[in-house]
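A short worksheet on the structure shown next.
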Amino acid sequence: MVLKNQGPTDEPPYWLLEEDGRVRQGGQPPELNDEAALRLYRNMLQVRLVDERMMKLQRQGRLGFYMESVGEEAVHMAVHALRSSDWVFPSYREPGALFYRGYTLQRYVNQLLGNAEDSIKGRQMPVHHSASDLNIVSISSPVGTQIPQAVGMAWAARIAGKDDLALTFFGEGTTSTGDFHVGMNFAGVFKAPCIFVCRNNKWAISTPATVQTAARSFAAKALAYGFPGVRVDGNDLLAMLAVMEDAVARARAGDGPTLIEAVTYRLHGHSSSDDPGGYRHPDEAKEWSRRDPIERWKRHLMVRGCWSEAIETRYREEITEELQKALTHGESVPPPAAATLFDDVFATLPPHLAEQRQDLLAQPRPVHPLGPHSPHGH
Amino acid sequence: MVLKNQGPTDEPPYWLLEEDGRVRQGGQPPELNDEAALRLYRNMLQVRLVDERMMKLQRQGRLGFYMESVGEEAVHMAVHALRSSDWVFPSYREPGALFYRGYTLQRYVNQLLGNAEDSIKGRQMPVHHSASDLNIVSISSPVGTQIPQAVGMAWAARIAGKDDLALTFFGEGTTSTGDFHVGMNFAGVFKAPCIFVCRNNKWAISTPATVQTAARSFAAKALAYGFPGVRVDGNDLLAMLAVMEDAVARARAGDGPTLIEAVTYRLHGHSSSDDPGGYRHPDEAKEWSRRDPIERWKRHLMVRGCWSEAIETRYREEITEELQKALTHGESVPPPAAATLFDDVFATLPPHLAEQRQDLLAQPRPVHPLGPHSPHGH
Amino acid sequence: MPTFNIIQAVNDALKLEMRRDARVVVLGEDVGRFGGVFRATSGLYEEFGPERVIDTPLAEAGIIGTAIGMALYGLRPVPEIQFADFIYPAFDQIVNELAKFRYRSGGQYTAPMVIRTPYGGGIRGGHYHSQSPEAYFAHTPGLKVVIPSDPYDAKGLLLSAMRGEDPVIFLEPKRVYRAARGEVPEGDYTVPIGKAKVVREGRQVTVLCYGAMVHTVMEAVSKGLTQDFDPEIIDLRTLLPLDTETVLASVRKTGRLVIAHEAPKTCGYGAELAALVAEKALLHLEAPILRVAGFDTPFPYTLENEYLPSPERIAKAIAETANF
Amino acid sequence: MPTFNIIQAVNDALKLEMRRDARVVVLGEDVGRFGGVFRATSGLYEEFGPERVIDTPLAEAGIIGTAIGMALYGLRPVPEIQFADFIYPAFDQIVNELAKFRYRSGGQYTAPMVIRTPYGGGIRGGHYHSQSPEAYFAHTPGLKVVIPSDPYDAKGLLLSAMRGEDPVIFLEPKRVYRAARGEVPEGDYTVPIGKAKVVREGRQVTVLCYGAMVHTVMEAVSKGLTQDFDPEIIDLRTLLPLDTETVLASVRKTGRLVIAHEAPKTCGYGAELAALVAEKALLHLEAPILRVAGFDTPFPYTLENEYLPSPERIAKAIAETANF
Ligand SMILES: Cc1ncc(C[n+]2csc(CCOP(=O)(O)OP(=O)(O)O)c2C)c(N)n1
Ligand SMILES: Cc1ncc(C[n+]2csc(CCOP(=O)(O)OP(=O)(O)O)c2C)c(N)n1
Ligand SMILES: [Mg+2]
Ligand SMILES: [Mg+2]
């Protein structure tokens with residue numbers, strides 16, 4: 001038999017934090033001061049609290065659609081290792097990355113509501129944010145499309161002689177797309193300073209990760225592109241930061257891209273339209289909820305001695321209050337004016353759109369209510 | 001540093017035949033009787049002679065377009081390991097696979113000429129053959145599209161409870177396409193009995209293999225899909241057969257797919273429209289022409305003692321004569337009737353096509369000559 | 001006769017045909033265990049098992065590419081694309097491969113299959129859960145394009161499509177997936193592909209529509225917005241091949257034409273309908289041909305109801321043509 | 001003034017703009033060292049180096065996807081797709097991403113770029129080296145579609161496209177790549193996007209065409225096939241945004257319209273032109289609108305000249321409309 005199968009096994013992911021929050025024996029944690037550690041905690045907590053509130057809103061029919069990240073918050077914090085001049089190409093499930101970079105709750109809520117103050121003018125479904133001022137690129141629904149785009153941006157930075165880099169997030173299901181392949185391949189060939197963070201949360205809607213690939217791991221896929229791939233415990237924030245630090249160093253040094261498989265779990269449904277009860281056993285989620293990344297980080301803060309009930313309460317109050325303010329205001333803002341429908345298709349309004357604009361403004365504004373709520377399958 | 005790069009190096013390809021035609025020390029050659037060995041030789045020889053003649057024809061303007069395989073003939077013979085009930089999904093550069101399965105020179109020539117006897121009715125450019133009676137699937141120009149199709153066919157065979165398998169050929173440049181990725185990935189996930197033969201002939205038109213991937217080898221890409229990949233000397237027919245035998249055994253046993261990287265070299269231009277002088281140094285081809293797979297096999301036959309000048313001359317005469325006959329007849333056959341333009345779009349002719357058919361038949365048949373010759377870039 | 005919605009009708013057709021024809025397999029994202037994000041394939045996995053009801057990796061090009069290979073080998077795949085908006089990664093496999101297989105092989109190879117996909121707006125789906133791509137496919141020789149508007153047609157047309165010898169793009173109007181209910185015969189029956197249906201006879205203005213728009217047009221009527229006129233309303237049901245006779249006969253009778261679809265106006269399917277009439281029935285026309293369509297912008301989120309043709313906009317166009 | 005063919009004109013425009021604007025990069029398959037399979041980028045690699053003239057792996061989705069990222073960052077990519085027939089693997093990146101970036105981000109992000117690709121038949125390219133996909137893109141809001149027919153326009157339109165703020169699909173008529181020759185000013189000049197050109201003034205029949213078809217239509221004239229009539233021939237040059245005024249003014253004058261394009265007739269761009277006229281100039285029409293187009297079949301090999309609109313077919317249509 002001349003054939004053999006080589007390559008990485010599905011060895012346990014890289015990790016640093018013991019369950020009790022201590023750094024494991026001989027582990028080399030990245031430098032991190034208490035202030036930064038707390039900031040990370042506050043951001044993860046914000047994701048959790050916001051998700052809870054938004055799902056309630058959605059159930060009340062005050063929000064068309066929503067997608068939670070419960071259990072995956074630590075992965076979002078990968079952006080901690082970046083400079084603000086670096087670019088992020090998120091998928092729909094990394095709000096923490098946005099918050100960490102300064103995306104306000106008011107802005108967040110305005111986008112979800114698609115109101116007149118939404119910075120993308122109510123153009124997209126909830127959770128499809130965009131913030132060019134924060135170098136956070138417009139989120140798309142078709143999964144994987146951001147991957148070659150991130151590579152192109154990173155590559156452009158190199159061509160332009162800048163040392164900016166790109167970070168892109170996507171789920172493990174997205175590794176099955178053609179765009180994942182062409183993006184990874186271009187990155188390898190052109191040594192683009194791009195970091196690929198694959199959130200392996202085990203599920204793509206109802207499809208388990210085992211249906212996405214027969215490879216021994218998602219990290220192993222990097223071998224097909226000639227650059228390193230690493231598996232990391234995505235619920236271990238310290239490990240995430242360590243791996244990201246290495247990846248950033250590689251990219252800045254011109255050593256090229258890195259694929260990071262962050263092993264985590266999607267504790268709740270795929271979206272507000274989804275009920276995981278239909279396709280997976282609840283024990284699975286129960287098991288994983290014991291590995292809650294936020295709880296784990298909190299224990300780490302305790303070990304560091306920089307966590308206190310007081311801080312916890314303050315954070316929760318601040319976030320809840322800011323969120324409430326954002327909602328009260330956001331819901332008071334009207335929808336965008338009908339005329340805005342025709343802006344931004346092109347840099348300037350071409351004649352045929354000017355004509356259609358006129359037609360619309362000549363119509364009585366439609367009275368019939370919005371249709372049934374948002375799609376499944378997203 | 002937590003990142004490491006593992007996986008196969010670009011270890012020398014698997015090989016069996018010494019330059020002098022002897023089987024290497026300790027090599028385990030597949031079973032092969034002299035008759036079969038000679039048949040393989042004759043088929044490779046036919047590819048070579050046909051290519052030479054067709055290029056002349058093309059230069060004389062008697063043929064719109066042509067693509068040679070000079071130096072890659074041994075890879076075509078991969079089909080030797082198949083049953084006739086197995087399916088082949090070729091690219092445009094494996095005529096030997098067609099010949100070996102019984103595709104006649106007359107049929108071959110008719111397709112190149114696109115005449116009224118062409119079994120695909122003059123629908124496609126030269127070298128885009130199809131032979132359902134031989135389980136050879138219609139060749140497409142867009143590269144890589146046949147890969148997921150081959151996987152689907154192989155998978156269907158399993159669903160239908162048959163043990164037929166699929167073999168698909170493609171060049172190394174084609175591994176960069178999204179279709180390669182999705183096809184390989186589906187094959188791994190569903191353990192489809194599909195064999196992927198990647199002809200690494202080092203060039204994709206003017207683009208060197210080094211621009212296609214940063215991976216250490218093309219075989220290494222199989223790791224991303226969870227099944228074996230192997231590099232084999234594509235100019236060593238015996239090694240090709242050995243590797244194919246293993247791959248076929250795996251597939252029939254239900255062990256799933258195999259990726260075979262056949263390392264060879266495109267000795268001539270990409271196509272009749274291409275001049276490699278524009279992008280590569282002639283020494284490269286000179287170097288490789290010393291490793292001519294046909295010469296190497298001939299030396300092996302000598303070692304076996306089943307080759308003779310007489311046989312050589314007979315083969316060459318038979319082939320040349322059959323080819324001449326095919327050309328004489330083929331060129332005497334008129335083009336397909338104009339009315340056939342509308343057949344085979346659908347199973348039956350819909351009204352709008354019936355009407356367009358009438359319109360065309362009402363026209364005088366166009367007198368103006370065919371335009372300039374066929375496209376570059378294919 | 002049971003009353004079904006469109007999802008139930010589609011599901012019923014799939015079940016029936018899979019029982020009747022062992023070659024039929026269903027594949028796509030989340031179509032198996034879960035039964036599809038719209039539940040159109042629910043119960044199939046349980047009845048026909050994982051070999052015939054297949055959850056695939058997340059890759060539309062893989063779904064269609066492998067389905068082609070299956071069809072070449074003799075199976076009858078019915079791939080589902082979760083949303084029509086996500087069909088483009090498979091566009092090359094559809095327009096360059098699927099559509100051309102029979103032709104380019106001189107009839108040696110065919111890949112009959114039905115690509116099912118929910119399409120259209122009205123569910124607050126924004127850019128990527130609302131698109132109407134029918135014109136792309138109607139412009140591609142070798143594909144049939146079928147769009148039911150109610151449960152009866154959904155079942156009957158899907159059964160016809162699955163029994164045909166050609167590839168069919170089967171677009172399901174998801175806005176009315178559950179809203180459109182109606183009696184559906186149990187068991188086997190087919191609705192022929194290539195035949196339009198006159199849903200309301202009239203003398204004054206011909207209105208051509210399909211999919212969810214049929215309901216919007218009928219809403220204009222039921223709301224009394226068109227009461228001063230007598231529109232003849234035609235549900236095309238098949239865009240390719242088009243039922244030219246029914247269309248032209250109606251326009252020759254009414255001399256006036258309004259076309260309604262959700263897709264962007266420019267180069268939408270309405271353009272073909274207008275061009276057809278301007279070529280074959282020009283002298284019968286007593287008024288300009290009006291198209292009420294989606295605007296030439298990406299599909300918006302908040303302003304969805306401004307974007308979509310409303311009963312009011314359609315009634316206005318009918319009035320304009322009638323009063324011209 | 002030098003005499004150029006279209007390839008030289010394109011090459012000249014690329015050189016000029018790359019000298020003028022350091023943000024411009026060219027990428028694609030075989031565009032670098034080799035200078036492109038049609039030589040349109042020859043000399044660029046030598047002058048601007050591997051960072052600005054990039055040979056990519058064989059993946060159209062990668063070419064367009066990375067070009068989008070480059071454009072977002074501020075570069076001005078000019079990707080080449082080797083043949084328009086191979087653009088479909090990038091279809092999702094083009095229609096779902098490139099076309100929608102400005103809109104979906106509320107104007108925060110834009111990806112201005114010019115996608116150059118040779119298109120059309122007449123070179124014995126068969127199914128996959130002959131297609132005319134313009135209607136797919138004209139139907140996609142957010143894209144401009146530009147098609148030059150001669151060297152002067154090729155250079156001037158390409159310079160305009162590269163300096164614009166919107167994505168442009170720039171389709172180059174490869175049949176006349178070398179055959180169409182003409183004087184081209186050295187140095188800088190632009191031809192505005194969105195303006196058609198009247199190539200022959202006439203009173204009797206308006207003929208709308210673009211790309212290589214302009215030459216076929218003019219051949220009908222020069223061959224004297226239209227001598228009994230007085231056609232007004234318009235080269236649209238830009239399909240989106242269309243120069244509606246020029247088109248309508250001509251039809252209002254002549255009252256007769258013939259449209260010629262290579263793409264399949266059904267849902268081709270000619271349908272939009274006919275629909276436009278049937279909506280805005282119906283009462284001026286004295287004859288049915290005729291479309292002379294590619295047939296609704298895949299593009300054939302041997303019977304290419306039967307498939308393509310010929311001067312004879314076009315002349316016949318002109319006569320029919322004129323004599324109607
Ligand atoms: C190209 C494409 N096909 C299908 C979908 C529908 N869809 C939305 S999310 C999703 C699953 C994605 O799974 P994964 O990549 O693992 O990300 P996760 O949702 O787990 O974060 C699917 C199939 C889509 N958005 N895009
Ligand atoms: C999707 C697609 N893009 C571009 C082309 C143009 N083209 C034809 S062959 C070729 C190179 C293919 O190289 P490789 O896969 O190595 O096969 P080889 O020609 O070396 O046998 C290219 C770019 C094509 N046929 N299909
Ligand atoms: Mg997932
Ligand atoms: Mg090659």
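No hydrogens, no waters, no symmetry mates; every other heavy atom, side chains included, goes into these values. Residue numbers start from 1 in every chain, and the chains themselves are labelled A, B, ... in the order their sequence lines are given, proteins ahead of strands.
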Distance check, rounded to the nearest 0.5 Å: [X] atom [atom1] versus [Y] atom [atom2]?
X         : Y         : atom1 : atom2 : result
Leu58(D)  : Gln212(B) : CG    : CD    : 5.5 Å
Phe342(B) : Asp296(D) : CZ    : CG    : 9.0 Å
Ser206(B) : Arg33(D)  : OG    : CZ    : 9.0 Å
Arg313(D) : Asp359(B) : CZ    : CG    : 7.5 Å

Taking the side chain as every heavy atom from C-beta outward, state whether [X] and [Y] have any atom pair closer than 4.5 Å.
X         : Y         : value
Pro142(B) : Tyr88(D)  : no
Val345(B) : Pro298(D) : yes
Glu60(D)  : Thr177(B) : no
Lys265(D) : Gln356(B) : yes
Arg357(B) : Phe295(D) : no
Tyr301(D) : Pro126(B) : yes
Thr340(B) : Leu303(D) : yes

Problem set entry | Under the ring-ring contact (aromatic ring centres under 6.0 Å, His included) test, residues paired with His127(D) that sit two or more places apart |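 ring-ring contact (aromatic ring centres under 6.0 Å, His included) list for His127(D), sorted by chain: Tyr103(C).
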Problem set entry | Phe299(D): partners by ring-ring contact (aromatic ring centres under 6.0 Å, His included), with sequence neighbours left out |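 Here the qualifying residues are Tyr307(D).
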For this session: Answer with yes or no whether the side chains of Asp55(D) and Thr207(B) bring together a donor and an acceptor at under 3.5 Å.
Result: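 Looking only at side-chain atoms, Asp55(D) and Thr207(B) do not form any donor-acceptor pair under 3.5 Å.
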For this session: Go through the steps for His270(B) and Val37(D) under the test side chain to side chain contact (heavy atoms under 4.5 Å, CB included), then give the verdict.
Result: CA-CA 11 Å; His270(B) 171 71; Val37(D) 294; over 6 Å; no
For this session: Identify the heavy atoms of Gly114(B) and Thr302(D) that sit nearest to each other, and give their distance.
Result: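 Looking at all heavy atoms of both residues, the shortest contact is O-OG1, 2.7 Å.
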Problem set entry | Heavy-atom pair of closest approach, residues Pro57(D) and Val211(B) |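 In this case the closest contact between Pro57(D) and Val211(B) is CG-O, 3.3 Å.
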Exercise. Between Phe34(D) and Asp274(B), is a side chain to side chain contact (heavy atoms under 4.5 Å, CB included) present by the stated rule, with each step listed?
Worked result: CA-CA 11 Å; Phe34(D) 186 48; Asp274(B) 178 43; 3.7 Å; yes
For this session: For Glu306(D) and Leu360(B), indicate whether the former's side chain and the latter's backbone hold a donor-acceptor pair under 3.5 Å.
Result: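 No.
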Exercise. Do the side chain of Ser176(B) and the main chain of Ala59(D) share a donor and acceptor less than 3.5 angstrom apart?
Worked result: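 No, Ser176(B) side chain to Ala59(D) backbone: no donor-acceptor pair under 3.5 Å.
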For this session: Would you mind checking which part of Thr266(D) comes under 4.5 Å of any heavy atom in chain B, side chain (CB onward), backbone (N, CA, C, O), both or neither?
Result: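 Side chain only.
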Problem set entry | side chain to side chain contact (heavy atoms under 4.5 Å, CB included) evaluation trace for Phe83(D) with Ser141(B) | CA-CA 11 Å; Phe83(D) 284 83; Ser141(B) 303; over 6 Å; no
Exercise. Considering only heavy atoms, which portion of Leu353(B) lies under 4.5 Å from any heavy atom of chain D: side chain, backbone, both, or neither?
Worked result: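 For Leu353(B), side-chain heavy atoms alone lie under 4.5 Å from chain D.
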For this session: Flag yes if more than 12 heavy atoms outside Glu51(D) fall under 6.0 Å of its CD atom; otherwise flag no.
Result: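 Correct, the count exceeds 12.
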